[in-house]
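Notes for the one structure printed next.
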Amino acid sequence: MEYEAVIGLEVHVQIKTESKIFSGSRAGYGYEPNELVDPVVMGLPGSLPVMNKAALDGIIKAGLALNCDIPDTCKWDRKNYFYPDSPNNYQITQYDQPICDGGFVEIELEGETRAVMGEHRKVALTRIHLENDVGKLNHFSEDSLVDYNRAFTPLMEIVSEPDMHSGEEAFAFLTAIRQTMIYCGVSDCDMEKGQMRADANISVRPVGQKELGAKIELKNLNSITGVKNGIEYEIKRQTQELKKGRTITQATWRWDADQGRTELMREKEDAHDYRYFPDPDLMPVRIDDEWRNWIRAEIPELPFDKQRRFMDEYALPYTITSVLVPDRVLSDFFETAAKQAPQSAQALGNYVTNDLLRELSESSQSLADCRITPDHLLSLVAAVEKGTITKQIAKDVFVEMFNSGELAEAVIDRKGLKPDFDEDQVKVWCQEAIDENPRPIEDFKSGNEKALNALLGQVMKKSRGKANPQAVNPMLRSLLS
Amino acid sequence: MSQDLHYKSAAALASLLDSKEISSVELTQAIIDRTQAVDDRVNAFNSFDAEDALSQATQSDERRSQGGALGPLDGIPVGIKDVLAVKGQPLTCSSKILENFVSPYDATCIENLKRSGAVLWGRLNMDEFAMGSSTENSATKTTSNPWNLDCVPGGSSGGSAAAVSAGEAPIALGSDTGGSIRQPASHCGVVGLKPTYGRVSRYGLAAFASSLDQVGPMGRTVQDVAELLQAISGYDRRDSTSYKIDVPDFPGAIERLKGKKWIFGLPKEYFAQAGSAAPLAAVEEAIAYYRSIGCEFKEISLPHTEYAVATYYIVATAEASSNLARYDGIRYTHRAEAFDGKDSVDIYHQSRAEGFGEEVKRRVILGTYVLSSGYYDAYYLKAQKTRTLIRQDFENAFQEVDAILAPTSPNPAFKKGTHTEDPLSMYLSDIYTISANLAGIPGLSVPCGYADGLPVGLQIIGKPFHEEDLVAIGHTFESAHSYCDEHPDL
Amino acid sequence: MSEKPHIDIDKVADLARIALTDAEKEKFSSQLDSILGYIDKLNELDTGHVEPTAHPHSIENVWREDRTEAELPTSEALKNAPKQRQNMFVVPKVVE
């Protein structure tokens, strides 16, 4: 029998704000334990929550970017459960009136090769709601220590429909959410800092069966790769169990990335009774078109739209766009240059995705810190196009520009890279090359076009790389004809 | 002179301070002396810090000597119910679970009070977490009614009412969730006002039932209560439920609205079945007085009154079950001994079992039950809907009348121990006060006579944010009677 | 709610995280059952078309701008802790 997996994801994303969701305490990562706490964050008697407007703006932006409906009203509910990381032993969340309804995430699956765009599809969302994050437990052999710095960081929960079928799709889903959130400036989605966290619900059923199989909740998926690997492992495990004729019982498992396997956390999902009720300390939120439209106008062009446009407008190959587009700053940098020289867009794209990224990585700099501007790229492309320098030399010029901050002409002048010979001299070198290399000429004459490259190489060598291959090539041909 | 000070009104004390006949230090010392003389019998205070009070008084005197007195409360001691956060002072809510808790911050009403120059005076006893009507549910001690030490002072602000009545504080703050200011005021023969929900910030008031709780003033005269209300009222950006509305001049309402011919409503449901005939008789006399000065009366109906207690005990306990979840033995509350080691037994169950008293446990369990899966619609949602009906009863009534007159409590203060084994009968004694909390409207209790030798109160229920009406109406009655000058024999 | 309401005291006390003695369980069960019996009178009312009241005043959109304010000093935050170490709150080892 054939089996298929059905996967839903619950993705928690921290919204980037200065202060916490319900108090003025700073929201941040990497502080000393219990440094970012106030009466609200500590759940002290008498403390009261007050909504942070920026957290609402953030989730509305996220919701609009992910194609959700933003209903006119939403409200706050308390989810009651005891846990040491929860200061009040209830979480302020949205139970039956979330701020974002429905929606979908456009995802891209892997293409046949890296150079080919993969299939795109939409993964349906159930909802996105806003809630407070909880503190952090640090486990020791004898006890645990609680740090409430993270508590009350604004957190949104993006809930998908059971609409995915593989680890790869889940990977693509998270990647798309992450890129969209970063583009919108809603979150940095750094999983290492806990800014994005995911739990998966996975079930496996015989192909053709309508009902879902027993649901396994998979936790501890601490990286996007972890999500992929964990889910794939779990699908395999459940499928094997079913093939052995065993039944799967609903339970919570955890992914152990070190061991590369999943393990049972708790068997019985002891029907949590969260006793949701409207939070009497907080007033409902009403959202009108003016607010929605204001936020909508703040949403930048989203990654997949930008990618399609880059391929269309600048005729960029998929490979270049798939490096450029995930990085909003990098793609904006590219486009600033490309707008001024659309005919050289591909060359500009190559310099950005190859040379620039390589130098940045080798020097551990960020784009913002480095000395290269779009004008630098434009000066380089112009020099190549004018035939001042070859593409080969351009690569060295780029490195010089990167290090010195000079424009291409300045580097070329300083390093004397401009050709110091005329066309006649090139002709002389061509004739010399022909005279000195009878074998390739034989080959060329018998129809092997590639043989000409050997002669070209000789001429380039004689010119110390400065000759323009585009000029040398026809010259050789005319001398040989 | 200082012998007489403890029964002077805050207004009278303010003029003595103004004319420099007394200093705040003298006044505060007189209050401390009085407290030390009577509180072993009254037991109104959970704790007090005489030195701290005197140092606040010294600062007040310095301000005054430099011509910088902050207002009518500057230098006046104000008793504080042990449910309000005062930075550096204990905040116990009369619960064992908070027995060692010291607040690291000030409630907003406390900040406001500090700005008025008042001397914050002591921590007043209450029913644990304000759950109760007799102050017998305190883990600290049982407060006595100064008029009869065998009787309860009412509750939950029993310490505040008793302290004011016994001259241990000229004025005091209480909190009122279902009658917790008005009922003890009535039982102790003092004035107590529950403001409109949203009038006074709840920030720093340890929550019992968030949608019902209000902080309010208690005193021996309506004017003093108005003055204290003035100091603590106003919108607070730290309380999302506080209301952005102008704060009128409450004491000024006494003159401003003097002689107004009020139209009063008498809800038939409140007069049909009083528990004890005597309180009703005193209330009838008060009604006769208002009639004699030309006020008009209409019989009105608040048809959903009989559902108020049931509604209240669902809403209040549900909210409380969640509000009190934070007292868990982890961050700042009592932790059961067994867990100082590495015992893996549940820290919550044991700490809360040890830390909470019986009534708190009972209500938390009731509240947990009414919210639990399968029961939410039948109880909580149902109660939210009947709450709407109760609110609408008042909206309809206030189409026709300016204010509603009623007894504060169906009975005068009862003997200690009367209701401790029968919680339902205790709950039912809140019948006249609970509706104002459900509707979010203000209510004032003023002494209007005696029943069985114990004081009883007249309750004046007003339109939302019309506390000034209550002040004017209450003062009209008070100034024509001598109840505010009558004190228990201690 | 036609049958007589009854609290499953063990289940509810566990949800509320309060350990009760047997005596307390017995006492509370009967007291709460009688309170629930009283509360049952709400079912006399037809509330089919009544909107629930969650707040006494219907105000909306009460928020603050995203500005930071002073926190509590860590020492103040930990001052009341029953047990602390490394500026954190010590709890028994948490097993989920």
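Below, read A as the first sequence line, B as the second, and so on, with proteins coming before strands; counting in each chain starts at 1. Not measured: the values here are computed from a predicted model.
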With a 6.0 Å cut-off on ring centres, are Phe129(B) and Tyr327(B) close enough? yes
Check each atom of [X] against the heavy atoms of chain A and say whether the ones under 4.5 Å are side chain, backbone, both or neither.
X         : answer
Ala318(B) : backbone
Asp213(B) : neither
Tyr380(B) : side chain
Thr368(B) : both

Any residues in [range] near chain B, with a heavy-atom distance under 4.5 Å, and which are they?
range                       : value
residues 279-288 of chain A : Pro280(A), Asp281(A), Leu282(A), Met283(A)
residues 21-43 of chain A   : Pro39(A), Met42(A), Gly43(A)
residues 53-63 of chain A   : none

Looking at Leu91(B), Asn323(B), Val83(B), which makes the most heavy-atom pairs under 4.5 Å with chain A? Asn323(B)
Would you mind checking which part of Phe277(A) comes under 4.5 Å of any heavy atom in chain B, side chain (CB onward), backbone (N, CA, C, O), both or neither? both
Salt-bridged, Asp199(A) to Lys219(A), with N to O below 4.0 Å? yes
If the threshold is 4.0 Å, N to carboxylate O, is there a salt bridge linking Glu359(B) and Arg362(B)? yes
In chain order, what residues pass the salt bridge (Lys or Arg N to Asp or Glu O under 4.0 Å) check against Asp289(A), with sequence neighbours excluded? Arg292(A)
